[in-house]
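The structure appears below as structure tokens.
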Amino acid sequence: MTNKAKGSDKFAIINELARRRGFFWQSYEIYGGVGGFATYGPLGSKLKQNIEKKLRDLFVNRLGILEIESPIIAPSKVFEASGHVNHFKEPMVECLKCKKRFRADHLLQETGKISVWEIEKMSLKELKAAIEKHKIKCPECGSAFGEPKRFLTMFKTMIGPYSKAIGYGRPEAAQGIFVEFKRLYQIAREKLPFGVLQIGHALRNEISPRQGLIRLREFTIMDLEFFFDPEEPNCFLLKDIKKEKLRLLLSEDKLKGLEKITEVSVEEALSKGYIKAEWQAVFMVFAKRILVELGVPEKKQRFIEKLPWERAHYAIQSFDQEVFVERWGWVEVSGHAYRTDYDLKRHMEFSGEDMRVYKELENPREKEKLTIRPVMAKLGPDFKSEAAKVSEMITKANPEELERSLNKKGFYMLGKYKIVPEHVEILRQKILERGKHFIPHVVEPSFGSDRLVYVTLEYAYRIKEDRALLSFPRDVAPIQLGVYPLVNKDGLPEKALEVHKMLVEEGFRVEYDDSGSIGRRYARSDEVGIPLGITVDYESLKNDTVTIRDRDSWKQVRSQIKELPDLLNKFFQWKINFEDLGIPFDN
RNA sequence: GCGGUCGUAGUCUAGCUUGGUUUAGGACGUCAGCCUGCCACGCUGAGGACCCGGGUUCAAAUCCCGGCGACCGCACCA
């Protein structure tokens, strides 16, 4: 859509380029478009796949994390258990005069001094009453508020045509992992720690998403839930990366109104208690590295600690990894939440399934267990019809306390019933405690795939001699190679097509282009970020060599056609650089 | 949701104030052909647009109303 007001900053330029070249655009354009939905074109979907592949390579291949794919729709129970049904319905009030809208819960928290937990339980009527009671007025103009209303940011649907079963579109992929925990734990051969990754769509019915790929109503999330024993929180990868630096913006500084970056090594961040879990720190390092590899320098990244009231309901500590983008400033690209045992515990409560794991103790402990057994032969005559009730009360009583009282006073008062030693039998059993059941803790790195695509594009974008080029890291470039005949005659196209075919068969993503002039083709390929251009010239016909052109420097080297597969494979695996591809070529 | 700005080919735009001269003009891109011995050369040709609906009028891209959408700001973003 044409618009002068949108200006021509990088965001606008990239969105325009993305639309024109087929990276992505707003969905449903023929019906005027709908905000918050994007369609990826051929180049964009490839770029996105490549970025996601990078995370898979790291997490699944290198760290052995399990990948799953679960449904987007879940029965309401799942999100009741997870707490989303309560937390995704934000109570809003609108000022009757100036029409400004506010979060009712935030207003009450700030001015009413009511705890988050209390507010959460309140009905709309109670919220209204509380607002009136505390005489809360519009912070903008001082007028009264209208009726509070809840805005549900989850997409709600029905499961089955006539069913009353309510379902929700998942706002995160994480729950798909938690609900399958038992089976996944078995598949992981009942060993901790282990992690599960899910990459998939998530839905959030945002009120007004107007930032292109940055805020979508349907987006791709990459949730990694990493389960570990809270009593053994040590990360075996730490030794390799403990010296690596992280740029943190700590909540204590945020509270003071400072935008101060604390640059510390992982080691230090942990010892000083800035980051609560080792695994969390390690994943933050990986997240940083991934962004560096996508082209975002460390200085343009930071981890910002969320304040208690900014945090999601399930987290006791959260860092957002932010990247600086030109139009929007610091934008979250990943979140790192320490979810503790919150989710598994809640699903355990709501489903009744045991989500605990069992671990054997290194040194099994022998424990004495005290049991008090009622002696019915004595209870019966003494308590008559109430004997059964008393008996039950005895089994529920604290055995240690009962025994102590009997020894000391010679009786024990169970409510109004006086228990004497004849009424009970005291048993001491030696039991061997071999292990214990517990709920694992979870740290969650969670990436927004679409945002990674956007920042990759923004950081790849540059101008060289008035020409736009996308300087993608070579391993995420949607198209790897362009093959061109220098001119369209004298057998050059035929030769170039042969080279093209050979490279396609070798598994490269290659494009053949013979339109216009060679310079135009180079320019076009630069704009879609093809790292290397292979040109067949007259020399090629004589000695089976081609030139290889580097997108970023525009330099060229000459190499043997038959050596291309090997050279190029090494190049795209970052094993060799452009200069190693052949001998310098000057024309 | 509110306020402001705005909506013309794939993209950027001219035209709108003052309705008719428009078969809606240009540039870039695209396609076909020629040309082209290395960085968007040139030539010939082709295809491609007034957001949607209603109204006013002899006549609407142009004026009015409504809808939809976009951008910016506010609010929201678990």
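Each chain gets a letter, A, B and so on, in the order its sequence line appears, and its residues count up from 1.
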Of the listed nucleotides ([options]), which one gets closest to any side-chain atom of [X]?
X: A:Lys489; options: B:rC41, B:rU36, B:rA40; answer: B:rU36
X: A:Arg558; options: B:rC38, B:rC12, B:rC41; answer: B:rC38
X: A:Ser515; options: B:rC31, B:rU11, B:rA40; answer: B:rC31
X: A:Arg19; options: B:rG69, B:rC76, B:rC12; answer: B:rC12
X: A:Ile518; options: B:rA40, B:rG69, B:rC38; answer: B:rC38

Same-atom distance ([atom1]) from [N] to [M], integer angstrom:
N: B:rG20; M: B:rA60; atom1: C1'; answer: 10 Å
N: B:rC6; M: B:rU17; atom1: P; answer: 15 Å
N: B:rC50; M: B:rU8; atom1: C1'; answer: 4 Å
N: B:rG37; M: B:rG42; atom1: P; answer: 16 Å
N: B:rU57; M: B:rU62; atom1: P; answer: 16 Å
N: B:rG7; M: B:rA61; atom1: P; answer: 15 Å
N: B:rC76; M: B:rC28; atom1: C1'; answer: 40 Å

Please give me the minimum heavy-atom distance between A:Ala174 and A:Glu225, naming the atom from each residue.
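For A:Ala174 versus A:Glu225, the nearest heavy atoms are CB-OE2, 3.2 Å.
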Do you know the tightest heavy-atom contact between A:His313 and A:Tyr342?
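Taking A:His313 first and A:Tyr342 second, the nearest heavy atoms are CD2-OH, 3.3 Å.
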OP1 or OP2 of B:rC38 under 4.0 Å from side-chain N/O of A:Thr535
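The answer is no; no side-chain N or O of A:Thr535 sits under 4.0 Å from OP1 or OP2.
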What is the distance, rounded to the nearest whole Å, between atom [atom1] of [X] and atom [atom2] of [N]?
X: A:Asp466; N: B:rC39; atom1: CG; atom2: P; result: 16 Å
X: A:Glu527; N: B:rU11; atom1: CD; atom2: P; result: 14 Å
X: A:Asp490; N: B:rC35; atom1: CG; atom2: P; result: 11 Å
X: A:Arg521; N: B:rA40; atom1: CZ; atom2: P; result: 12 Å
X: A:Tyr28; N: B:rA70; atom1: OH; atom2: C1'; result: 18 Å
X: A:Leu17; N: B:rC12; atom1: CG; atom2: C1'; result: 14 Å
X: A:Ile14; N: B:rC71; atom1: CD1; atom2: C1'; result: 17 Å
X: A:Ile13; N: B:rC12; atom1: CD1; atom2: P; result: 12 Å

Does any donor-acceptor pair link the side chain of [X] with the base of [N] at a separation under 3.5 Å?
X: A:Arg520; N: B:rC41; result: no
X: A:Tyr484; N: B:rC38; result: no
X: A:Gln556; N: B:rC38; result: yes
X: A:Arg215; N: B:rC76; result: yes
X: A:Arg549; N: B:rC39; result: yes

As a quick check of understanding, evaluate salt bridge (Lys or Arg N to Asp or Glu O under 4.0 Å) for A:Asp552 and A:Arg474, giving each step before the final call.
CA-CA 11 Å; A:Asp552 301 324; A:Arg474 62 185 81 151; over 6 Å; no
Regarding [X], tell me which of base, sugar-phosphate or nothing describes its non-hydrogen contacts under 4.0 Å with the strands shown.
X: A:Leu486; answer: base
X: A:Gly35; answer: sugar-phosphate
X: A:Asp526; answer: nothing

Do A:Tyr522 and A:Tyr484 have ring centroids that are under 6.0 Å from one another?
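Distance test on ring centres: under 6.0 Å, yes.
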Which of these passes salt bridge (Lys or Arg N to Asp or Glu O under 4.0 Å) with A:Asp526: A:Arg520, A:Arg467, A:Arg521?
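Running salt bridge (Lys or Arg N to Asp or Glu O under 4.0 Å) over A:Arg520, A:Arg467, A:Arg521 with A:Asp526 returns exactly one hit, A:Arg467.
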Let me spell it out: for each of A:Gly516 and A:Pro171, pick the nucleotide of RNA chain B with the closest heavy atom. Which residue's pick is nearer the 5' end?
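On the 5' side of the pair lies A:Gly516.
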If each of A:Glu332 and A:Arg21 is mapped to the nucleotide of RNA chain B with the nearest heavy atom, which maps nearer the 5' terminus, i.e. the 5' end?
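By nearest-heavy-atom nucleotide position, the 5'-most residue is A:Arg21.
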Between the main-chain N or O of A:Leu486 and the side-chain N or O of A:Thr535, is there a donor-acceptor pair closer than 3.5 Å?
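No.
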When you compare the ring of A:Tyr522 with the six-membered ring of B:rA40's base, are the centres less than 5.5 Å apart and the planes under 30° from each other?
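So no, this residue does not stack on that base, at least one cut-off failing.
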Assess A:Arg339 against A:Tyr314: is NZ or CZ under 6.0 Å from the centre of the six-membered ring, and within 45 degrees of the ring's axis?
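Verdict for A:Tyr314: a cation-pi partner in A:Arg339.
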